[in-house]
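Throughout, a chain's letter reflects where its sequence line sits, starting with A, and its residues are numbered from 1. Just so it is clear, the model here is predicted, and its values are computed rather than measured.
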Number of protein chains: 2
Amino acid sequence: MSDISTPEIGAVEVAPVCDDLHDPEAIVAADVLAADKAQQMAEFFSLLGDANRLRILSVLAVQEVCVGDLAAILGMSESAVSHQLRSLKAVRLVGYRKQGRHVYYYLDDHHVLELYQAVADHLDEA
Amino acid sequence: MSDISTPEIGAVEVAPVCDDLHDPEAIVAADVLAADKAQQMAEFFSLLGDANRLRILSVLAVQEVCVGDLAAILGMSESAVSHQLRSLKAVRLVGYRKQGRHVYYYLDDHHVLELYQAVADHLDEA
DNA sequence: TTGATATCTGAACATATGTTCAGATATACT
DNA sequence: AGTATATCTGAACATATGTTCAGATATCAA
């Protein structure tokens, strides 16, 4: 994690290992996902990388539900649900609406349903 | 994690908290993502939930590359790259081809590029 | 065969993650 | 006011994860 500032150039000069067998890495290096963008994307994917969060989203995809009901439906503790909702809220995947002592959460980014469905289908194929 | 066998029914009977305010959870419960399917999907998303793995995929999306070159391009140790490639290989996201002492890895599941691009675009919007 | 190169492997380590628990906050009801 | 309900919060805990390190394996070259 020391000198990734210009990984493309550095990498090519330091280790031209397979140059005689294949195209120089320079061609590939230009297209390497930038470290910071990679980190952002990874954090997003990681958010979908938990079974309980996915199940929460699957419920909210149908209709808005309050915390207690979510916990009951999913068989999770209310605290665990609350913690996960906070993560989902932080990246605007869900939103909430207060009504009395209840807090109703809803799916705020329907874009994720495409990813959700794509992976669901993908796993059904194989 | 004790009685999730029939979470839909159980949940509804145990905690009919918001019934007077909203539709019974039964409506939603029928659509809840099954725990095992959720776990499968979560494991898949988790695989994309690491910056270095995403960067590896971004390179292999362009052309096949051997382990040492990947390490050089990404500024990772060869061991770390090898470990990650094993994970990616386990779910058939990448494949490999041996040539002499080199092992060339290639993207085996071009389906993921759609997810990759979708999230990349999604982050650019916001 | 000997030595160098390329990759893999598993244990050890540090960090990240998700849940539980106890308690805080906020709202509703009487 | 006091009590119950609904949700949130942060510390503690156990587990998962990714990297490093040392060494094993395999192939090539001399």
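Between the NZ atom of B:Lys37 and the CZ atom of A:Arg55 there is a distance of 13.5 Å, given to the nearest 0.5 Å. Here the CZ atom belonging to A:Phe45 is positioned 6.0 Å from the CG atom belonging to B:Leu54, to the nearest 0.5 angstrom. The CE atom of B:Met41 lies 9.5 Å from the CG atom of A:Leu57; values are rounded to the nearest 0.5 Å. In this structure, CG on B:Asn52 lies 6.5 Å from CD on B:Gln84, to the nearest 0.5 angstrom. Note that the NE2 atom of B:His110 and the OH atom of B:Tyr116 stand 14.0 Å from one another [nearest 0.5 Å].
Although no hydrogens or angles enter the test, the distance criterion places a donor-acceptor pair under 3.5 Å between the side chain of A:Ser46 and the main chain of A:Ala42.
Residue A:Asp108 comes nearest to A:Gly95 through the heavy atom pair CB-N, 3.7 Å, listed as atom of the first residue, atom of the second, then distance.
Taking the side chain of A:Ser77 as heavy atoms from C-beta on, and the options C:dC8, D:dT7, C:dT20, the nearest nucleotide is C:dT20.
The CD atom of A:Glu64 sits 16 Å away from the C1' atom of D:dT7 (whole-angstrom rounding). When the P atom of D:dA16 is taken as reference, atom CG of A:Asn52 falls 14 Å away, rounded to whole Å. Atom OH of B:Tyr96 and atom P of C:dT7 are 14 Å apart (whole Å). What separates CZ of A:Arg86 from P of C:dT25 is a distance of 15 Å, to the nearest Å. What separates CD of A:Glu43 from P of C:dA16 is a distance of 11 Å, to the nearest Å. Across the protein-nucleic acid pair, A:Asp69 atom CG and D:dT5 atom P stand 15 Å apart, rounded to whole Å. Atom pair A:His102:NE2 and D:dA4:P shows a separation of 17 Å (rounding to whole Å applied). For B:Glu78 and C:dC8, the CD to C1' distance is 11 Å, given to the nearest whole Å.
In this structure, A:Tyr105 reaches the sugar-phosphate backbone alone: every heavy-atom distance under 4.0 Å involves primed, P, OP1 or OP2 atoms, never a base.
For A:Arg53 and B:Leu85, each mapped to the nucleotide of DNA chain C holding its nearest heavy atom, the one lying further toward the 5' end belongs to B:Leu85.
Side-chain contact between A:Glu43 and A:Val91 is absent, with no heavy-atom pair separated by less than 4.5 Å.
Taking a pair as Watson-Crick or G-U with both hydrogen-bonding distances under 3.5 Å, the stems of three or more pairs touching DNA chain C are C:1-30 with D:1-30.
Within the structure, every side-chain polar atom (N or O) of B:Gln84 is placed at least 4.0 Å from both OP1 and OP2 of D:dT17.
Residue pairs meeting the ring-ring contact (aromatic ring centres under 6.0 Å, His included) criterion with at least one partner in residues 65-100 of chain B, sequence neighbours excluded, are B:Tyr96-B:Tyr105.
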> For nucleotides 21-30 of chain D, read 5' to 3', which letter fits each nucleotide if B means a protein heavy atom sits under 4.0 Å from the base, S means only the sugar-phosphate is that close, and - means neither?
Replying inline: B-----BB--
